[in-house]
Amino acid sequence: MKPGIGITTGGRYERDFNYPLYDAIENLPSQYVDSVRRAGGLPLMLPPGDDWRELLDTVDAVIVTGGADVNPAAYNGNVNHPAVQKLVPDRDAFDLALTAHVVKASTMPVLFICRGLQVLNVALGGTLHEHLPDILNKDIHRGSDGGWARHPITAVEGSLLADVMGTREAVTASGHHQAVRDIAPGMEITATAPDGVIEAITVTGRADLIAVQWHPEASAAEDPTQQRLFDWLVRRAAEGQR
């Protein structure tokens with residue numbers, strides 16, 4: 001049986017939605033689904049709600065996806081920062097609770113992507129920069145046209161991330177304006193961008209967890225280094241089924 005890969009979704013009011021018969025959707029970009037299928041996994045949606053424990057019981061691995069800003073209140077940040085975008089309380093509660101559980105009370109393989117990395121850091125006691133342009137002379141992490149920004153990252157030699165990608169150097173797709181400020185206790189940095197922004201972290205000693213600040217699903221179809229992250233997740237999930 002194919003391993004079930006749970007993929008967290010956006011909050012039902014996270015995105016503007018204009019359709020006369022419905023006023024809300026559980027949303028998930030299709031590239032996540034495609035990347036899991038290419039890896040041989042069975043994609044399963046994990047929508048926000050207080051049933052996250054029951055949802056976890058139905059899957060063999062999890063992807064915590066990108067999306068809305070994490071509420072600065074969760075890390076004692078500036079809740080009044082003018083650049084903080086639409087907040088989604090139900091998604092914050094769901095992602096933070098699920099993440100704390102899979103890290104502290106589970107050995108389930110997990111891939112954290114963009115917001116997912118930020119959720120991981122916050123759930124374990126770290127902080128975020130509310131808005132990267134506040135600290136950067138040039139912002140290479142978002143496309144000025146609203147599309148992806150492409151920039152290189154360098155993974156730490158000997159890290160799980162470098163091993164899985166098959167390289168220390170990769171060109172990634174990004175679209176974020178927040179990033180790790182203070183890394184949480186018990187975690188380590190596994191990749192950085194040329195400007196020093198933290199691009200990947202992990203929990204020390206965990207071989208079943210990868211967290212990246214970029215969006216591997218956006219280029220996985222044409223870039224083997226990015227598809228390998230999903231291949232790794234599905235492979236680890238299959239090993240856990242045995």
Side-chain angles (χ1 to χ4, degrees), residues 5 7-8 28-41 43 61 63-70 85 109-121 128-129 131-181 183 187-202 207 209-236:
I5 310 301
I7 311 174
T8 64
L28 177 67
S30 60
Q31 288 93 335
Y32 291 106
V33 173
D34 294 342
S35 298
V36 168
R37 285 178 171 158
R38 280 193 300 269
I63 299 172
V64 183
T65 63
D69 290 350
V70 178
Q85 299 170 0
V110 191
L111 176 59
F112 297 90
I113 293 175
C114 195
R115 168 192 157 91
L117 175 147
Q118 298 166 9
V119 167
L120 171 64
N121 193 53
L128 305 177
H129 292 289
H131 192 50
L132 278 175
D134 291 345
I135 64 165
L136 300 176
N137 292 326
K138 180 181 180 182
D139 183 4
I140 64 172
H141 301 275
R142 292 191 297 175
S144 58
D145 61 353
W148 297 113
R150 306 277 178 165
H151 67 77
I153 61 93
T154 302
V156 172
E157 185 174 2
S159 64
L160 174 62
L161 175 64
D163 181 58
V164 167
M165 291 195 303
T167 182
R168 289 186 59 213
E169 308 288 338
V171 175
T172 62
S174 292
H176 62 97
H177 78 109
Q178 298 187 320
V180 171
R181 181 196 300 263
I183 194 166
M187 302 194 71
E188 57 189 87
I189 298 168
T190 55
T192 55
D195 56 11
V197 168
I198 295 171
E199 288 289 331
I201 58 177
T202 193
L209 187 158
I210 291 176
V212 298
Q213 181 59 77
W214 67 88
H215 282 265
E217 80 285 356
S219 58
E222 58 272 356
D223 185 346
T225 70
Q226 301 307 294
Q227 179 60 38
R228 287 173 191 148
L229 293 170
F230 299 94
D231 297 344
W232 163 83
L233 185 72
V234 171
R235 184 171 61 249
R236 289 301 303 264

Show the numbers, then the answer: is there a side chain to side chain contact (heavy atoms under 4.5 Å, CB included) between His129 and Asp134?
CA-CA 8 Å; His129 292 289; Asp134 291 345; over 6 Å; no
Residue pair Thr202 / Leu160, side-chain heavy-atom distance below 4.5 Å:
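No, side chains not in contact.
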Please round to the nearest 0.5 Å and tell me the distance separating atom [atom1] of [X] and atom [atom2] of [Y].
X      : Y      : atom1 : atom2 : answer
Ile63  : Phe112 : CD1   : CZ    : 11.0 Å
Ile201 : Asn121 : CD1   : CG    : 4.5 Å
Leu209 : Leu233 : CG    : CG    : 10.0 Å
Ile210 : Leu120 : CD1   : CG    : 12.0 Å
Thr154 : Leu161 : OG1   : CG    : 10.5 Å
Arg228 : Arg235 : CZ    : CZ    : 10.5 Å

Establish, from distance only, whether the side-chain atoms of Gln118 and Gln213 form a donor-acceptor pair under 3.5 Å.
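Side chains of Gln118 and Gln213: pair found under 3.5 Å.
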Judged by modelled atom types alone, do Glu217 and His215 share a side-chain donor-acceptor pair under 3.5 Å?
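Yes.
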Quick one: closest heavy-atom pair of [X] and [Y], and the distance?
X      : Y      : result
Ala191 : Val156 : N-CG2, 4.3 Å
Gln227 : Ser35  : NE2-O, 3.0 Å
Val197 : Ala179 : CG1-CB, 3.8 Å
Arg236 : Ala207 : NH1-O, 2.6 Å
Ala218 : Arg150 : O-NH2, 4.5 Å
Ser174 : Trp214 : OG-CB, 3.6 Å

Qualifying residues under side-chain contact (heavy atoms from CB on, under 4.5 Å), relative to Pro152, sequence neighbours excluded:
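Partners of Pro152 by the side-chain contact (heavy atoms from CB on, under 4.5 Å) criterion, ordered by chain and then number, come out as Pro194.
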List the residues meeting side chain to side chain donor-acceptor pair (under 3.5 Å) with [X], not counting sequence neighbours, and say none if there are none.
X      : result
Thr225 : Asp223
Asp139 : none
Thr172 : none
Thr8   : Thr65

Donor-acceptor contact present, side-chain [X] to main-chain [Y], <3.5 Å:
X      : Y      : value
Arg168 : Ala155 : yes
Arg38  : Phe230 : no
Arg115 : Ala68  : yes

Atom CD of Glu222: over 12 foreign heavy atoms under 6.0 Å
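Counting other residues, nucleotides and ligands, CD of Glu222 exceeds 12 neighbours.
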Sequence neighbours excluded - side chain to side chain donor-acceptor pair (under 3.5 Å) pairs with any residue from residues 188-197:
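Sorted pair list: His141-Asp195, Glu188-Thr204.
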